[in-house]
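The structure appears below as C-alpha cells.
For ligands, and for the atoms within them, numbers begin at 1 and follow the listed sequence.
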Amino acid sequence: MTRSLYLFLTLVLAVMMTATAWADAVVGEKVFAKCKVCHTTAKGAPNRVGPNLFGIVGKGVAENTTFKYSPAMSALKGKKSWTEAELDVYLSNPKAKVAGTKMIFAGLPNKADRDNLIEWLKTQK
Ligand code: HEC
C-alpha cells in the first residue's frame, strides 16, 4: 500500500514537472534581444523601426499615436487587443498572422520562447 502510494506520488510529480513549463520573465528578457533592434519598452522611450512597446500586453492594436503603422496593422485598430493569446499567435509568424504588416521578423517558432517573452513583456508597464 505504502509502496503504491509512493509510486503514485512519484508519477504525479513527474507529470507535473514535464507538463508545467512555467513562463519565466527572466528568460523572456533574453528572448527580447531579438526585438530590441526595432523596439523599446521603457515608458516614453522613442520608437525605433517599430513602435515603443510599453504596456503592450492588454493594449489595443496600433494605439501608439506617435508611430505610423502599416495599413494592415491600422485596420485592426479598435478591433483587436494584444491579449496574451493574440501576442502568442502574432509572434509565432507575424507576416502570416497580419498579412501586410511592416514588421519584418520571421517569428518565434518556439512556444516556450513566446511564453517567456510575453511573461517579460507583462512586466514592462
Ligand atoms: C525588424 C524590426 C522588427 C523586429 C525585429 C520586431 N519588430 Fe515588432 N514591429 C515592427 C514594426 C515595423 C511594427 C509595426 C507593424 C505594422 O505597422 O504593420 C511592429 C509591431 C509590433 C507589435 C504591434 C504593436 C502595436 O502597437 O500594435 C508588437 C506587439 C510587436 N511588434 C512585438 C515584437 C516583438 C515581441 C518582437 C521580438 C520577438 C518584435 N516585435 C520584433 C518591427 C519589428
N/O/S from H39 sitting under 2.8 Å away from atom 8 (Fe) of ligand 1: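 Given the 2.8 Å cut-off, H39 counts as a ligand of atom 8 (Fe) of ligand 1.
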State, to 0.1 Å, how close [X] and [Y] come at their nearest heavy-atom pair, and which atoms those are.
X	Y	answer
A62	M73	CB-O, 3.8 Å
T40	P46	OG1-O, 2.8 Å
G58	S81	O-CB, 4.2 Å

K77 bridged to E63 by N-O distance under 4.0 Å: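 Here K77 does not pair with E63 in a salt bridge, since their nearest N and O are not under 4.0 Å apart.
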Short N-O contact, K97 and E86, less than 4.0 angstrom: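 Looking at K97 and E86, the cut-off is not met.
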Regarding ligand 1, does [X] bring an N or O atom to under 3.5 Å of one of the ligand's N or O atoms?
X	value
S70	yes
W82	yes
A62	yes
K68	no

Atom indices of ligand 1 within 4.0 angstrom of [X] heavy atoms, with elements:
X	result
L117	35 (C), 38 (C)
L108	38 (C)
I104	1 (C)
L91	32 (C), 33 (C), 34 (C), 35 (C)
F105	5 (C), 38 (C), 41 (C)

Give the residue, atom name and distance (to 0.1 Å) of the protein heavy atom nearest [atom].
atom	answer
atom 28 (C) of ligand 1	L53 CD2, 3.9 Å
atom 29 (C) of ligand 1	L87 CD2, 3.6 Å
atom 3 (C) of ligand 1	C38 SG, 2.7 Å
atom 26 (O) of ligand 1	Y69 OH, 2.5 Å
atom 22 (C) of ligand 1	Y90 CE2, 4.0 Å
atom 39 (C) of ligand 1	M103 CE, 3.2 Å
atom 15 (C) of ligand 1	T101 OG1, 3.3 Å
atom 38 (C) of ligand 1	C35 SG, 2.7 Å

Criterion side-chain contact (heavy atoms from CB on, under 4.5 Å) on K30 and W120, from CA distance to verdict: CA-CA 9 Å; K30 294 191 185 116; W120 181 75; over 6 Å; no
Ligand 1 contacted by F67 (non-hydrogen, < 4.0 Å):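 F67 counts as a contact of ligand 1 under the 4.0 Å cut-off.
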Heavy-atom gap N64 to ligand 1 smaller than 4.0 Å: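 Outside the 4.0 Å threshold, so no.
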N/O donor-acceptor pair under 3.5 Å between K36 side chain and F32 backbone: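 Pair absent, no side-chain N/O of K36 close to backbone of F32.
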Atom pair CG/CG of D115 and L108 - distance to nearest 0.5 Å: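 It comes to 10.5 Å.
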Part of K34 with heavy atoms under 4.0 Å of ligand 1, whether side chain, backbone, both or neither: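 It is the backbone that touches ligand 1; the side chain stays farther off.
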Shared hydrophobic cluster for F54 and L87 (ILVMFWY, side-chain gaps under 4.5 Å):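 Unlinked, F54 and L87 end up in two clusters.
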Test applied, side-chain contact (heavy atoms from CB on, under 4.5 Å); reference residue, W82; option that passes from V57, V61, L53, I118: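 So, applying the side-chain contact (heavy atoms from CB on, under 4.5 Å) to W82 and each of V57, V61, L53, I118, only V61 qualifies.
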Distance-only side-chain donor-acceptor flag, N64 / N47, under 3.5 Å: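 Checked: N64/N47 side chains pair up, N/O donor to acceptor below 3.5 Å.
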Audit row: H39, M103, side-chain contact (heavy atoms from CB on, under 4.5 Å) steps and yes/no: CA-CA 11 Å; H39 291 288; M103 174 159 142; 4.1 Å; yes
Criterion side-chain contact (heavy atoms from CB on, under 4.5 Å) on D88 and K111, from CA distance to verdict: CA-CA 8 Å; D88 182 63; K111 171 83 171 124; 3.5 Å; yes
